[in-house]
Amino acid sequence: MLPAAVSDAQLIARVLVKDDRHAFGELVRRHQSAVRAALRKLTSGNHALADDLAQETFLLAYRNLKSFRQEAKFSTWLYRIAYNAFLADARKRKELPLVEDEDAEDSGIPDDAATPVARTAALSVDLERAMARLSDAERAAIVQCYHNDLSHEEAAFVLGCPVGTVKTHILRAKQKLKAQLGAWAPES
Amino acid sequence: MGMNQTDANLDWIERALKADAGEHAAAYIADDGFTSGVMARLPAPAVLPAWRGPVLAVLWLIAAVAVVVALPDLFYDVFRGLVAIVVAQPLTWSRIAAAVLLLGAATWSATVYAMRAE
């Protein structure tokens with residue numbers, strides 16, 4: 001394994017100049033967790049699909065590494081490829097909305113969520129369900145800006161849309177989440 | 001996300017999203033063979049055929065012979081001129097050794113270049 005002190009840019013240069021497979025392997029090792037986690041969020045928790053798309057993402061990254069201009073961070077560029085792979089797959093499958101979970105239709109606070117830890121866990125589960133009901137674009141905007149901790153500008157690069165559209169998606173997504181998770185709203 | 005709001009000003013859904021994102025960031029997904037799976041699916045490295053080196057060397061030889069055959073007068077003049085230069089030099093063992101070394105290094109470099117793998 002190559003030392004962590006070697007930057008992504010150096011590893012990319014090794015891949016480009018010498019087709020150094022070890023260097024590319026190190027890039028995959030460094031970024032696999034973040035890319036797979038982002039795709040798990042985008043696919044609403046479908047781990048198998050997310051991992052398939054993550055593999056596809058890294059293969060596409062390898063094939064197109066010459067086109068990486070270092071204008072964005074390597075991780076941001078990977079997120080963009082991952083999002084495009086997710087979109088292509090969704091179009092191919094003509095993905096239907098997830099099967100509605102009848103129990104979750106009116107998300108309520110479970111009776112056994114008395115302790116703060118239990119409440120947090122229950123809210124996390126409900127949030128996951130509510131996220132699954134957002135449109136692909138709204139969910140993607142939330143994933144990029146919150147889970148991947150990107151700025152609006154970086155998210156716009158990843159999603160291939162204007163910054164204003166990203167902000168609109170986030171605003172709408174939060175409104176929908178609020179409506180779906182109304183039971184969790186603190187009493188004023 | 002680069003927001004200037006303090007937590008106190010964030011509404012509850014913002015806090016929930018940030019808390020969920022915090023868990024997401026802290027949860028490292030173990031590799032568990034993922035990287036080796038990707039590496040196994042990479043396209044095979046482009047390997048140049050083994051016959052490339054010898055064929056290149058033979059082609060260079062043919063080209064050299066063709067030049068000599070096509071331009072015998074020029075070759076003769078150049079060769080004669082070189083011999084004249086060499087003969088005009090005072091002959092010492094050190095000069096002979098240096099010339100042999102120089103010719104050897106040039107031949108070796110040309111062979112290595114022609115037979116290189118990439």
Original post:
Tell me, do A:Y146 and B:D20 make a side-chain contact under 4.5 Å, heavy atoms counted?
Top reply: no

Subject >> Joint hydrophobic cluster, B:L17 plus A:L171, side-chain heavy atoms closer than 4.5 Å >> reply: no

**OP:** Measure A:A54 against the heavy atoms of chain B and call it side chain, backbone, both or neither at under 4.5 Å.
**Re:** both

Original post:
Where does A:L127 contact chain B at under 4.5 Å (heavy atoms): side chain, backbone, both or neither?
Top reply: side chain

Original post:
If you group Ile, Leu, Val, Met, Phe, Trp and Tyr by side-chain heavy-atom gaps below 4.5 Å, do A:M131 and B:W12 land in one group?
Top reply: yes

**OP:** Verify whether one side chain among A:Y62 and A:D19 offers a donor that lies under 3.5 Å from an acceptor in the other.
**Re:** yes

**OP:** Give the member of A:L177, A:D51, A:I142 that has the highest number of heavy-atom pairs under 4.5 Å with chain B.
**Re:** A:L177

